[in-house]
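Start at 1 and go down the list; that is how both ligands and their atoms are numbered.
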Amino acid sequence: MRRIVIVSNRVAPVNETASKGATGGLAVAILDTLRESNGLWFGWSGNVREAPVASPAIAEPTRDNPFETVTVDLTPAEHSGYYNGYANRILWPVLHYRTDLMEYHSEDFRTYQRVNANFVSQLVPLLREDDLIWLHDYHLMMAPRDLRQAGVKNRIGFFLHTPFPSAEVFATLPNHRELISSLCHCDLIGFQTPGDLRAFEDYITHEAGGQVHTNEEFEAFGRQFRAQVFPISIDPEAFAGAARESSRSNIANRLRESLDGRALMVGVDRLDYSKGLPERFLSFEHLLDRYPENRRRVTFLQIAPYSRTEVPEYKLIRSRLEGLSGRINGRFSEVDWTPLRYINRGLARKTLAGVLRHSRVALVTPLRDGMNLVAKEYVAAQDPEDPGVLVLSRFAGAAHELKEALIVNPLDYENTGEALQRALSMSLDERKERWSALMETIRQQDITAWRKSFIAALKAH
Ligand code: ADP
Ligand code: F6P
């Protein structure tokens, strides 16, 4: 079997994952992928050091995690310019259609290029001739060019976990040509949805002057490659098993007792402005306003662990949410009922699965999201005899597949509030019918299908 070499900015803290929970779709999906296929995972150690260790840290495979991890440190300047700067204040907002939040400094792009080049130079000596190299996400868009310049002839694939925005939006990035011409050194580029692929095709034909042939063959910047859709997913049976077990746990009992028979609505997201959390809080407020019969009868639990805390836009969204949650609770709480429970902590995956199972409604309402694995996890966690209802943003990649969810436009928070009311009052028959269809879709396109189809396409090129 050919070895798979995964390269991503974030390498999950493998040994802690089972207990603490890896937050972030990429880490969760790659862990599942690597557990099924021996390989190597290369990326940032998560450490920021004035004088980084010269050679990468190598962790040998273990029984639980049969793959090697190789990690490198970042200096404070690299962390600031590459991760907080170019990746998360420039690329992230543009990829999520928030050009208004882009904070451009050309120095950050130079740092981003330097870090990509440094990752590549540390990776190259570890490569074997027939390794399949699989690069992940927007942090590493310059790496394909650097790998080729270093003489690497291996197959190279790249998967973008975020949306690819419309060509006009992408072109607001001052470095858009450098980024895409680097990506064109790959053999295969993967996107989450057909919409992302269409936007990329549009970029290639109209901005890059390239060509898109049949069979997803592309030509641009003097290179030939393929680009295809591979919707990322989860292991639904494993998640369902965890949810079943966890629903009998201590924590699940505590949760049930604390609810005292009230219906639970849940949201689980990194604290990110792309997740539409203020709009979600407003839709909950609308529900309580417009349908007062829900007061005292419904509790909304929003779990939102802090993310990218040094980036100013994340500090702003955090204080906005603190204000909104305080206002809603101040307005509606009673001595024995708090409508909104707002928690900024990660949960162990098993606990999370149990919480999802116990929730009558899930609110997955990002303003933009590459896929959103929580939507799929919520469906997998449900009790088939009494499933809950998924309220899903049309702007999540998952909405392309999960058509039997209640699909909403999160910017219309009143309409989302109406969908919440519909979800809370939906008959058991309708809930079961929608859930079966959703679960079937997730079973057919699970994490194994995602990995296998990407690897097969990469080999086949
Ligand atoms: P993103 O990649 O933008 O973070 P996704 O929804 O695709 O969004 O993936 C998030 C992943 O992180 C999911 O697997 C989810 O279960 C996990 N996660 C998010 N928040 C928490 C939390 N508070 N505790 C545990 N896991 C979490
Ligand atoms: O695609 C979403 C993503 O950026 C992943 O790359 C990453 O795992 C996740 O969000 C968490 O973000 P960060 O690595 O910045 O904590």
Side-chain angles (χ1 to χ4, degrees), residues 6-13 16-32 41 43-44 46 74 79 82-89 91-93 95-96 135-141 159-164 191-192 196 231-236 238-239 242-243 246 251 266-277 301-311 314 342-356 362-381 392-393 395-398 402 447 450:
I6 301 260
V7 190
S8 62
N9 171 63
R10 183 72 70 184
V11 174
E16 293 169 33
T17 308
S19 56
K20 288 212 183 129
T23 56
L26 184 149
V28 170
I30 292 179
L31 264 176
D32 282 351
W41 191 353
W44 174 38
L74 294 177
H79 185 246
Y82 150 77
Y83 177 75
N84 284 331
Y86 198 75
N88 286 322
R89 290 197 86 185
L91 278 174
W92 180 268
L95 291 166
H96 290 81
L135 307 169
H136 288 261
D137 231 356
Y138 62 99
H139 311 86
L140 297 173
M141 292 174 84
F159 184 78
L160 185 66
H161 290 252
T162 68
F164 189 84
F191 295 99
Q192 300 271 29
D196 298 321
I232 200 166
S233 194
I234 60 165
D235 178 342
F239 204 80
S246 165
I251 247 192
V266 75
V268 181
D269 313 75
R270 280 183 306 103
L271 209 170
D272 193 302
Y273 53 79
S274 65
K275 303 289 183 183
L277 295 173
L301 170 63
Q302 176 62 53
I303 305 174
Y306 298 137
S307 179
R308 306 174 192 164
T309 47
E310 290 163 32
V311 177
Y314 287 72
Y342 178 49
I343 298 180
N344 297 120
R345 253 184 306 121
L347 300 182
R349 284 191 71 62
K350 201 163 159 188
T351 310
L352 177 69
V355 170
L356 293 179
L363 284 93
V364 180
T365 53
L367 302 180
R368 288 282 162 188
D369 214 330
M371 175 54 63
N372 198 297
L373 292 179
V374 175
K376 296 183 173 181
E377 290 166 351
Y378 177 71
V379 173
L392 180 61
S393 162
F395 305 122
L402 303 184
I447 186 75
W450 175 72

Number the atoms of ligand 1 from 1 as they appear, then name those within less than 4.0 Å of a heavy atom of [X], with their elements.
X: R349; result: 14 (O), 16 (O)
X: V374; result: 6 (O), 15 (C)
X: I303; result: 23 (N)
X: K275; result: 1 (P), 3 (O), 8 (O)
X: R270; result: 1 (P), 3 (O), 4 (O)
X: N372; result: 6 (O), 7 (O)

Which atoms of ligand 2 have any heavy atom of [X] under 4.0 Å away?
X: Y138; answer: 4 (O)
X: H161; answer: 1 (O)
X: H139; answer: 6 (O)
X: R308; answer: 3 (C), 4 (O), 9 (C), 10 (O), 11 (C), 12 (O), 13 (P), 15 (O)
X: R270; answer: 9 (C), 10 (O), 11 (C)

Of the non-hydrogen atoms in [X] and [Y], which two are nearest, and what is the gap between them?
X: L140; Y: Y82; result: CD2-OH, 4.3 Å
X: Y314; Y: L271; result: CD2-O, 3.3 Å
X: R368; Y: P163; result: CB-CG, 4.4 Å

Can you tell if the side chain of [X] reaches within under 4.5 Å of the side chain of [Y], non-hydrogen atoms only?
X: D196; Y: L160; result: no
X: N84; Y: R89; result: no
X: R349; Y: F239; result: yes

Ligand 1-proximal atoms of [X], by part, heavy-atom distance under 4.0 Å:
X: L352; value: side chain
X: H161; value: neither
X: R345; value: backbone

Restricting to heavy atoms, the pick from V268, T162, L347 nearest atom 19 (C) of ligand 1 would be V268

Pick whichever of T162, D137, L91 has a heavy atom sitting closest to atom 5 (C) of ligand 2. D137

Geometric N/O contact Y83 with ligand 2, under 3.5 angstrom: yes

Sub-3.5 Å N/O-N/O distance, R10 and ligand 2: yes

The reported gap from CG in L95 to CE in M141 (rounded to nearest 0.5 angstrom) is 6.5 Å

With a 6.0 Å cut-off on the ring centroids, do H139 and W44 count as close? no

Sub-6.0 Å ring centroid separation between W450 and F159: yes

Can a side-chain donor-acceptor contact be found between N9 and Y83 if the only test is distance below 3.5 angstrom? no

Donor-acceptor side-chain pairing of D269 and Q302 below 3.5 angstrom: yes

May I ask whether M371 has any heavy atom positioned less than 4.0 angstrom from an atom of ligand 1? no

Test item, H136 contacting ligand 2 (heavy atom, 4.0 angstrom): no

Report yes or no: does Q192 contribute a side-chain atom to a donor-acceptor pair with the main-chain N or O of T162 at less than 3.5 Å? no

